[in-house]
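Structure first, commentary second.
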Amino acid sequence: MGNKSTNGIQKLSKKRSIKLLKSIGSEESLKILERMYTIRAFEEKAEQLYSLGKTHGTMHLSIGQEATSLGACKAVRSGYDYLLNHHRGHGHCLAWGAELNLMMAEFMGKETGYCRGRGGSMHIADVERNNLGANGIVAGGIPMSVGVGLSIQMRATDQVCLVIFGDGAANTGPFHEALNMASIWNLPVIFLCENNQYAMSMAVKRAFNIDFISQRSSSYGIPGVTVDGNDFLAVYDVVSKAAKRARQGKGPTLVESLTYRWLGHSKSDRQLYRTREEVKEWRARDPIVRFANRLIRAAFLAEEDLETIKSRVDQSIQDALAFAESSPEPDVGTIMEGVYAD
Ligand SMILES: Cc1ncc(C[n+]2csc(CCOP(=O)(O)OP(=O)(O)O)c2C)c(N)n1
Ligand SMILES: [Mg+2]
């Protein structure tokens with residue numbers, strides 16, 4: 001993909017990061033940083049609400065993975081291109097531009113939410129903006145992206161489909177079938193494997209006998225690249241190149257974004273499969289602090305303005321919560337709506 005690589009991980013040169021940052025511009029960079037904080041704050045609030053019994057079902061938090069969500073979604077044109085994601089998807093939806101009020105209402109199962117409370121934490125979609133939603137079936141979205149890619153190809157538009165899935169999903173049959181088919185049909189799909197090091201309690205290092213999941217791309221004759229998933233600019237760079245390639249009719253790319261899930265798999269995880277030291281080590285590589293520091297170094301942000309951004313985010317979370325709490329529950333009489341087609 002044209003960049004220097006070290007041990008298989010795509011490295012972003014200092015020169016290239018400055019160039020990228022300049023092309024994004026200070027105003028947009030600050031918005032991206034604010035979205036990162038918004039994702040973090042939304043999920044911290046989600047965890048609290050769950051503990052208070054204010055949500056239904058389970059939930060999966062992506063705290064620590066914010067740079068991957070933003071890096072990937074900002075590299076495509078949300079609302080014009082397509083997104084398919086997976087169960088750990090709050091960050092993807094918010095990075096795609098989801099409205100906080102509708103996100104919070106959906107999370108709390110309210111009628112005013114994105115899916116009128118039917119989806120909850122795990123199945124948030126916004127079809128009008130081409131966010132085709134998450135899938136509770138591990139790897140469920142991957143074959144769908146092939147269908148979306150085929151539809152784009154048949155309509156001859158310059159759209160692309162970004163499909164995000166976990167490392168666990170890369171060890172399932174649908175992953176292989178989808179990559180093969182997308183490759184032989186030359187479809188405009190970006191396969192983004194969000195490698196957060198675990199699939200439930202199964203560590204990547206025990207589940208794969210290769211150094212990088214991206215190596216699997218060679219079996220299907222498509223490019224594969226591994227990137228530091230805690231570095232917004234690195235993810236943005238790699239996914240932008242994959243999108244450009246797809247738009248030029250050159251077919252799919254497999255991107256592996258190396259990141260880390262700070263919290264448990266879901267709320268019922270005692271995390272006996274990893275050490276506190278490991279978690280501490282990854283927490284020290286906070287993707288948000290890293291991007292904020294980069295913006296400070298580029299003089300896009302003054303350190304004292306960080307507090308203003310954070311308090312604006314806190315206020316927006318409070319507002320979204322007030323909106324969701326004052327919203328009605330779905331009417332039981334509408335329970336069959338959306339279940340059967342006429
Ligand atoms: C087909 C299928 N098998 C098993 C499960 C149970 N399950 C839910 S999440 C998960 C692990 C997924 O790991 P990964 O793909 O790495 O995503 P992450 O949870 O790390 O974001 C499993 C096994 C499921 N939902 N669907
Ligand atoms: Mg995983």
**Asked** Can Thr259 and Asn196 be counted as having a side-chain donor-acceptor contact under 3.5 angstrom?
**Response** no
Can you give each donor-acceptor pair under 3.5 Å made by side-chain atoms of residues 134-142, sequence neighbours left out, with the distance rounded to 0.1 Å?
{"from": "Asn135", "atom 1": "OD1", "to": "Ile137", "atom 2": "N", "distance (Å)": "3.0"}

**Prompt:** Where the side chain of Gln48 meets the backbone of Glu44, is there a donor-acceptor pair that is under 3.5 Å apart?
**Reply:** no
**Asked** Do the side chains of Ile32 and Tyr236 get nearer than 4.5 Å, heavy atoms only?
**Response** no
**Prompt:** Is the closest basic N to carboxylate O distance between Glu194 and Arg88 below 4.0 Å?
**Reply:** no
**Prompt:** Does any pair with a residue in residues 58-68 pass salt bridge (charged side-chain N to carboxylate O under 4.0 Å, His left out), and if so which ones, sequence neighbours excluded?
**Reply:** Arg40-Glu66
**Item:** Arg129 and Ser78 side chains, donor-acceptor separation under 3.5 Å
**Value:** yes
**Message:** Can you list everything that forms a ring pair (Phe, Tyr, Trp, His ring centres under 6.0 Å) with Tyr273? Sequence neighbours excluded, please.
**Reply:** Tyr198
**Complete:** Rounding to 0.5 Å, atoms OG1 (Thr253) and CG (Leu179) come to a distance of 10.0 Å
**Message:** Once ring pair (Phe, Tyr, Trp, His ring centres under 6.0 Å) is applied, do any residues pair with Tyr82, and if so which ones, sequence neighbours excluded?
**Reply:** none
**Request:** Apply the test side chain to side chain contact (heavy atoms under 4.5 Å, CB included) to residues Phe42 and Met103: give CA-CA distance (whole Å), side-chain angles for both, the deciding distance (0.1 Å), then the verdict.
**Result:** CA-CA 9 Å; Phe42 178 86; Met103 281 293 291; 3.9 Å; yes
**Asked** Linking Ile, Leu, Val, Met, Phe, Trp and Tyr through side-chain heavy atoms less than 4.5 Å apart, which residues share a cluster with Ile335?
**Response** Met336, Val339, Tyr340
**4.5 Å side-chain heavy-atom contact, Trp96 and Val76** = yes
**Item:** Any side-chain heavy-atom pair of Val189 and Val146 under 4.5 Å
**Value:** no
**Residue pair Glu47 / Leu263, side-chain heavy-atom distance below 4.5 Å** = yes
Throw together a table of side-chain donor-acceptor distances under 3.5 angstrom for residues 294-303, partners on residues two or more places apart or in other chains.
{"from": "Arg294", "atom 1": "NH1", "to": "Ser17", "atom 2": "OG", "distance (Å)": "3.3"}
{"from": "Arg294", "atom 1": "NH2", "to": "Asp231", "atom 2": "OD1", "distance (Å)": "3.2"}
{"from": "Arg294", "atom 1": "NH2", "to": "Asp231", "atom 2": "OD2", "distance (Å)": "3.1"}

**Item:** side chain to side chain donor-acceptor pair (under 3.5 Å) between Glu278 and Tyr260, intermediate numbers included
**Value:** CA-CA 10 Å; Glu278 182 188 287; Tyr260 196 77; 2.4 Å; yes
**Complete:** Across all chains, not counting sequence neighbours, the ring pair (Phe, Tyr, Trp, His ring centres under 6.0 Å) partners of His60 are His87, His265
**Prompt:** Just by distance, with hydrogens left out, do Glu43 and Ser62 show a side-chain donor and acceptor under 3.5 Å apart?
**Reply:** yes
**Message:** So Phe291 and Pro287, do their side chains get closer than 4.5 Å, heavy atoms only?
**Reply:** no
**Asked** For Ser214, does its backbone N or O pair with a side-chain atom of Glu256 as donor and acceptor, under 3.5 Å?
**Response** yes
**Asked** How long is the span from the CZ atom in Arg285 to the CG atom in Asn230, to the nearest 0.5 Å?
**Response** 7.5 Å
**Request:** Quick one: name the residues clustered hydrophobically with Val204, using the 4.5 Å side-chain heavy-atom rule over I, L, V, M, F, W, Y, and just say none if it's on its own.
**Result:** Phe208, Ile210, Ile213
**Partner set under side chain to side chain contact (heavy atoms under 4.5 Å, CB included) for Lys54, not counting sequence neighbours** = Leu49, Leu52, Met108, Glu325
Cut-off 3.5 Å, no hydrogens considered: what does the side-chain donor-acceptor table look like for residues 113-122, sequence neighbours left out?
{"from": "Tyr114", "atom 1": "OH", "to": "Glu99", "atom 2": "N", "distance (Å)": "2.8"}
{"from": "Arg116", "atom 1": "NE", "to": "Glu111", "atom 2": "OE2", "distance (Å)": "2.6"}
{"from": "Arg116", "atom 1": "NH1", "to": "Glu337", "atom 2": "OE1", "distance (Å)": "2.9"}
{"from": "Arg116", "atom 1": "NH2", "to": "Glu111", "atom 2": "OE2", "distance (Å)": "3.0"}
{"from": "Arg116", "atom 1": "NH2", "to": "Glu337", "atom 2": "OE1", "distance (Å)": "3.2"}
{"from": "Arg118", "atom 1": "NH1", "to": "Glu111", "atom 2": "OE1", "distance (Å)": "3.3"}
{"from": "Arg118", "atom 1": "NH1", "to": "Arg116", "atom 2": "O", "distance (Å)": "2.9"}
{"from": "Arg118", "atom 1": "NH2", "to": "Thr334", "atom 2": "O", "distance (Å)": "3.1"}
{"from": "Arg118", "atom 1": "NH2", "to": "Thr334", "atom 2": "OG1", "distance (Å)": "2.8"}
{"from": "Ser121", "atom 1": "OG", "to": "His90", "atom 2": "NE2", "distance (Å)": "2.9"}

**Request:** Say whether, by atom type as modelled, one donor and one acceptor occur between the side chain of Lys110 and the main chain of Ala324 under 3.5 angstrom.
**Result:** yes
**Request:** Would you sort out whether Phe175 and Arg216 count as a side chain to side chain contact (heavy atoms under 4.5 Å, CB included), showing the intermediate values?
**Result:** CA-CA 10 Å; Phe175 166 86; Arg216 296 232 162 129; 4.1 Å; yes
**Fill in**
Nearest heavy-atom contact between Ser145 and Cys161 is CB-SG, 3.8 Å
**Request:** Working to the nearest 0.5 Å, report the span between OG1 of Thr157 and CZ of Arg247.
**Result:** 9.0 Å
**Asked** With side chains defined as the heavy atoms from C-beta onward, is the minimum distance between Asn85 and Ile124 less than 4.5 Å?
**Response** no
**Prompt:** Does the side chain of Thr112 come within less than 4.5 Å of Asn101's, by heavy atoms?
**Reply:** no
**Item:** Residue pair Arg155 / Ser151, side-chain donor-acceptor N/O under 3.5 Å
**Value:** yes
**Asked** Does Val255 share a hydrophobic cluster with Leu162, counting links as ILVMFWY side-chain heavy atoms below 4.5 Å and allowing steps through other members?
**Response** yes
**Request:** Taking all heavy atoms of Ser69 and all of Ala95, pick out the closest pair and write down the distance.
**Result:** O-CB, 3.5 Å
**Asked** Between the main-chain N or O of Cys93 and the side-chain N or O of Asn131, is there a donor-acceptor pair closer than 3.5 Å?
**Response** no
**Request:** Check step by step if salt bridge (Lys or Arg N to Asp or Glu O under 4.0 Å) holds for Asp228 and Arg290.
**Result:** CA-CA 12 Å; Asp228 179 346; Arg290 201 160 154 189; 2.8 Å; yes
**Request:** Could you tell me the separation between the CG atom of Leu233 and the OG atom of Ser29, rounded to the nearest 0.5 Å?
**Result:** 7.5 Å
**Message:** Given 3.5 Å as the limit, does a donor-acceptor pair link the side chain of Thr68 with the main chain of Gly229, or not?
**Reply:** yes
**Asked** Any chance the side chains of Arg245 and Gln248 put a donor and an acceptor closer than 3.5 Å?
**Response** no
**Request:** Examine the side chains of Gln318 and Asp314 and answer whether a donor and an acceptor come within less than 3.5 Å of each other.
**Result:** no
**Message:** According to ring pair (Phe, Tyr, Trp, His ring centres under 6.0 Å), who are the partners of Phe191, at least two apart in sequence or on a separate chain?
**Reply:** none
**Sub-4.5 Å side-chain heavy-atom contact between Ile152 and Leu187** = no
**Item:** Listed partners of Arg77 passing salt bridge (charged side-chain N to carboxylate O under 4.0 Å, His left out), at least two apart
**Value:** Asp81, Asp158
**Asked** Got a second to check how far Ile309's CD1 is from Lys31's NZ, nearest 0.5 Å?
**Response** 12.5 Å
**Prompt:** Once you round to the nearest 0.5 Å, how far does CD1 of Ile24 lie from CG of Leu30?
**Reply:** 11.5 Å
**Leu70 backbone acceptor or donor facing Arg35 side chain under 3.5 Å** = no
**Prompt:** Taking the side chain from Ser183 and the backbone from Tyr220, do they hold a donor-acceptor pair closer than 3.5 Å?
**Reply:** yes
